[in-house]
Student: 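Input: one structure, supplied below.
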There are 4 protein chains.
Amino acid sequence: MPKPTLDFIAPEKRERLLCEAARLFAERGFESADMAELARRASVAKGSIYNYFENKEDLYLHVCRDGLTRSREAVFGGLDPSWDIYRQVEHIFLRGARFAREHPEYVRLYLNVSAAGMERFAERLTMEVEKPTADHLKNLIRSEQRAGRVRSDLDPRLGALFINSLYILVLASLVSRHFQIRLQEYLETEGEPREADVRPPLRQTIGVIHQLLRPASGTVGG
Amino acid sequence: MPKPTLDFIAPEKRERLLCEAARLFAERGFESADMAELARRASVAKGSIYNYFENKEDLYLHVCRDGLTRSREAVFGGLDPSWDIYRQVEHIFLRGARFAREHPEYVRLYLNVSAAGMERFAERLTMEVEKPTADHLKNLIRSEQRAGRVRSDLDPRLGALFINSLYILVLASLVSRHFQIRLQEYLETEGEPREADVRPPLRQTIGVIHQLLRPASGTVGG
Amino acid sequence: MPKPTLDFIAPEKRERLLCEAARLFAERGFESADMAELARRASVAKGSIYNYFENKEDLYLHVCRDGLTRSREAVFGGLDPSWDIYRQVEHIFLRGARFAREHPEYVRLYLNVSAAGMERFAERLTMEVEKPTADHLKNLIRSEQRAGRVRSDLDPRLGALFINSLYILVLASLVSRHFQIRLQEYLETEGEPREADVRPPLRQTIGVIHQLLRPASGTVGG
Amino acid sequence: MPKPTLDFIAPEKRERLLCEAARLFAERGFESADMAELARRASVAKGSIYNYFENKEDLYLHVCRDGLTRSREAVFGGLDPSWDIYRQVEHIFLRGARFAREHPEYVRLYLNVSAAGMERFAERLTMEVEKPTADHLKNLIRSEQRAGRVRSDLDPRLGALFINSLYILVLASLVSRHFQIRLQEYLETEGEPREADVRPPLRQTIGVIHQLLRPASGTVGG
DNA sequence: AATGAATGAGGATTCATTCAT
DNA sequence: TATGAATGAATCCTCATTCAT
């Protein structure tokens with residue numbers, strides 16, 4: 001937990017520090033990120049960082065949580081709860097992809113919680129990251145089932161898990177070098193992946209979700 | 001590239017070293033893994049490791065590649081190329097899940113290539129890991145399309161990407177603390193995830209793939 | 001190049017560090033000098049040294065340059081440019097010998113640039129050490145030739161080279177074990193060379209230089 | 001002292017080992033020379049070297065002594081003791097210069113005994129290197145004084161010392177990067193020092209020695 | 001005698017964190 | 001509160017030497 005001091009410093013300074021920290025951690029990983037370099041990049045005294053945070057871990061956790069808040073706002077921000085699940089899913093995926101393009105560092109940080117040696121962070125972060133989305137998706141599926149817009153034989157928990165899984169994969173493909181190369185390998189494209197390369201799988205992914213959720217169309221036709 | 005020396009030492013010793021290295025790297029991550037501790041765990045002299053490998057990075061790469069070979073053998077080992085895609089996919093997923101349970105360290109290492117700061121490894125490993133599977137899946141889809149067992153309007157590249165993506169997620173859920181907690185959160189289970197917790201999503205995942213591949217049955221019935 | 005930090009620490013501390021470094025390097029040579037031991041001897045934290053210098057090489061270069069400055073001040077310090085060359089040469093040799101007795105470590109460091117494996121240091125140090133002295137001696141010989149106090153058929157460049165060569169040998173005999181033993185061997189003295197042992201060759205050396213420079217007196221008398 | 005084993009191996013092998021050792025030590029210095037690299041360069045097993053020599057120091061000493069023998073043979077080889085001192089000195093300087101060009105590694109090794117941290121080698125080598133030359137020169141001067149070809153007021157010990165000093169400086173200028181750069185600086189030449197650059201100072205050096213030894217020419221005129 | 005793998009002490013350097021100013 | 005110099009534990013890697021084959 002950051003020290004109270006963090007709240008009292010100039011907002012631009014705080015912003016600078018948190019942004020640079022996010023970038024540096026996303027670039028190097030937790031271990032290799034150097035507090036001295038962070039201080040330099042953020043134009044903040046090395047000692048000052050320790051006035052705001054207990055230690056490197058504390059800073060890391062805060063930066064991750066901060067990123068999650070930003071991510072949530074960016075993705076769920078313009079979402080109208082009255083929309084049907086199809087529109088919501090599309091909104092989430094498109095906004096998520098945009099956020100990943102604009103702030104890859106936060107997505108990288110999120111993905112990095114699953115890296116080797118990061119279990120102590122997963123223990124503290126994963127639940128609080130996943131719960132809101134999990135709850136939202138599960139509730140959404142349930143209410144859409146009641147509305148007859150989602151197959152009633154779908155386990156809402158598995159459905160939610162599935163949607164979120166695909167979401168993670170899409171984001172990963174946008175921000176991680178490994179997933180980018182893999183995407184190129186599968187799609188047989190070359191060079192830096194342009195947005196055009198990502199759109200078809202994104203569309204298809206959304207399509208697959210639709211296919212999964214939609215009540216058997218045969219009954220309609222029947 | 002390991003030094004030639006590595007080939008000439010006692011096989012049990014080599015095995016011990018590579019296994020312990022895989023475990024340690026999977027446990028701590030590349031940076032935090034300590035060469036001295038590895039030497040201790042593997043009952044090998046610190047200096048000896050440097051007789052076999054140029055440096056820590058060289059060792060890491062070799063351990064990853066070694067893990068990939070083992071993984072490929074375990075998963076594709078018993079696979080009969082004459083099987084139809086549904087049987088092959090099922091085989092791959094079940095064997096993959098078994099391998100992940102028996103050798104989580106190698107799966108962790110694979111996933112870790114996408115971690116922050118590991119880009120230099122991705123640059124060297126990703127392609128060689130992904131290509132064989134990508135090719136196999138793409139060719140399989142194409143031949144199954146010709147056989148009429150897979151929808152002809154499915155882009156084989158996207159289909160292959162999709163199958164592999166789900167495969168990765170399943171494995172990740174089995175070996176990464178972050179993905180385990182996330183799974184618990186979605187499935188509303190508690191404690192150490194038992195195999196029983198994993199089976200339904202695994203089954204469902206295979207089901208979704210079937211659904212994706214299968215030619216529209218409506219038309220048949222039409 | 002030392003880091004700017006070096007300029008801001010307490011002068012006594014800087015002095016202590018530089019002195020001990022000069023002594024240690026002179027005693028052990030570059031390779032065998034141990035940074036940890038230096039830190040201990042200078043009562044400075046090991047890490048601190050790396051706050052002041054990029055690395056061992058950087059420190060070594062700085063210590064050498066520092067020694068050169070000290071040496072130049074000690075030797076050329078009280079030198080009056082209006083003196084004739086005979087007086088100047090005598091001054092230089094006597095002051096040089098005194099400096100070598102008081103600060104053998106710096107003379108050892110200077111001589112050590114010519115040691116095996118030190119070429120990279122020679123490449124960076126030699127020119128800047130030698131140029132000022134070379135220029136001074138050459139100009140001095142030229143002006144003394146015009147004044148008729150030095151033989152006009154002497155090539156000023158060779159004359160300067162010669163004077164400096166003898167100077168180096170004198171210093172070497174004062175600070176290097178090898179040259180000391182050699183001196184004992186030639187002079188048939190025993191035990192630690194006392195100042196008395198050095199004076200005759202020093203005198204003779206100065207004498208030889210006089211002999212070399214002096215216009216042929218016979219012609220004058222003739 | 002080398003082990004007796006050294007005498008029993010194939011002469012070409014011994015030669016290869018000693019040559020490569022001389023080169024490597026001359027190139028890197030004692031500390032930085034790597035026994036493994038030596039073994040590789042000489043195509044000799046690392047362990048074998050320890051069958052011939054007690055340890056690195058023992059090898060170093062032997063290589064130095066070996067070099068001295070070679071040097072002595074090359075320089076004093078064709079010297080006729082009946083020659084007068086002027087001819088002998090010229091012979092020594094010219095042969096020494098040639099040897100330095102053909103085998104710079106041995107001259108470097110000799111000079112290196114005066115390097116920092118090499119005192120323990122000086123203690124063991126210097127005397128045995130210098131004594132024969134010192135004795136020869138002193139005796140030569142004495143007999144030439146009796147023959148009236150050398151000034152009788154010259155202290156033979158100082159004369160010998162002086163001749164040898166200049167000899168060392170000439171050799172150093174031929175083999176040491178530091179002394180080469182210094183020579184360029186004094187002679188105002190550029191680039192790799194060619195033989196032509198060295199000849200004038202060599203000639204002049206011999207000239208100075210003549211000047212020093214020759215009985216007062218006044219008597220001739222008298 | 002020859003070999004080269006094994007050993008582990010040793011040494012340069014890094015970096016999170018502290019603390020005096 | 002801000003600063004950045006000071007600290008020393010930690011870590012990668014080297015290399016002389018040993019020793020089993």
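Keep in mind that the numbers below use all heavy atoms, side chains included, and drop hydrogens, waters and symmetry copies. Fair warning: this is a prediction, and the values are worked out from it, not measured in the lab. Chain letters run A, B, ... following the sequence lines, proteins first and then strands; every chain starts at 1.
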Student: Look only at the side chain of Asp58(B) and the backbone of Phe53(B), and say whether a donor-acceptor pair between them is shorter than 3.5 Å.
Tutor: no
Student: Using whole Å, report how far CD of Glu37(D) lies from P of dT14(F).
Tutor: 13 Å
Student: Counting distance only, does the side-chain N/O of Lys13(C) pair as donor-acceptor with the main-chain N or O of Val44(C) below 3.5 Å?
Tutor: no
Student: Of the nucleotides dT11(F), dC13(F), dA16(F), which has the atom closest to the Met35(D) side chain?
Tutor: dA16(F)
Student: Tell me which of Lys13(D) and Glu31(A) sits closer to the 5' end of DNA chain E, going by the nucleotide each one is nearest to.
Tutor: Lys13(D)
Student: Walk along DNA chain E from 5' to 3' and tell me the first and last nucleotide with an atom closer than 4.0 Å to a non-hydrogen atom of chain B.
Tutor: dA5(E) to dG10(E)
Student: Which part of the nucleic acid does Phe53(B) contact within heavy-atom distance under 4.0 Å: base, sugar-phosphate only, or nothing?
Tutor: nothing
Student: Tell me the interatomic distance from Glu54(B), atom CD, to dC15(F), atom P, rounded to whole angstroms.
Tutor: 13 Å
Student: Using the benzene-type ring in the case of Trp, are the ring centres of Phe30(A) and Phe121(A) under 6.0 Å apart?
Tutor: yes
Student: Can you measure Asn55(B) atom CG to dT11(F) atom C1' for me and round it to whole angstrom units?
Tutor: 14 Å
Student: Taking the nucleotide of DNA chain E with the nearest heavy atom to each, does Lys46(B) or Asn51(C) sit closer to the 5' end?
Tutor: Lys46(B)
Student: Check for a donor-acceptor pair, side chain of Lys46(B) on one end and backbone N or O of Leu38(B) on the other, with a separation under 3.5 Å.
Tutor: no
Student: Could you tell me which non-hydrogen atom of Asn112(C) sits nearest to which non-hydrogen atom of Gly29(C), and how far apart they are?
Tutor: ND2-CA, 4.4 Å
Student: In whole Å, what is the span from the CG atom of Leu6(C) to the C1' atom of dG4(F)?
Tutor: 15 Å
Student: Could you write out DNA chain F as dot-bracket? Rules: Watson-Crick or G-U wobble, both distances under 3.5 Å, brackets [ ] for crossings, | for pairs with another strand, dot for unpaired.
Tutor: .||||||||||||||||||||
Student: Between Leu68(B) and Leu109(B), is a side chain to side chain contact (heavy atoms under 4.5 Å, CB included) present by the stated rule, with each step listed?
Tutor: CA-CA 9 Å; Leu68(B) 291 171; Leu109(B) 283 179; over 6 Å; no
Student: Rounded off to whole Å, could you give me the CD1-to-C1' distance for the Ile49(D) and dC15(F) pair?
Tutor: 13 Å
Student: Donor-acceptor check, side chain of Arg14(D) to backbone of Leu6(D), threshold 3.5 angstrom: yes or no?
Tutor: yes
Student: Considering only heavy atoms from C-beta outward, does the side chain of Met118(D) approach that of Arg177(C) to under 4.5 Å?
Tutor: no
Student: Could you state the atom-to-atom distance from CZ of Phe8(A) to P of dT1(F) in whole Å?
Tutor: 8 Å
Student: Just by distance, do the side chain of Glu119(A) and the backbone of Gly117(A) share a donor-acceptor pair under 3.5 Å?
Tutor: yes
Student: Any base atoms under 4.0 Å from Ala10(A), or only sugar-phosphate, or nothing? Heavy atoms, all strands.
Tutor: nothing
Student: So what does Ser48(C) touch, heavy atoms closer than 4.0 Å: a base, only the sugar-phosphate, or nothing?
Tutor: base
Student: By nearest nucleotide on DNA chain F, pick out whichever of Ser32(D) and Thr5(A) is the more 5' one.
Tutor: Thr5(A)
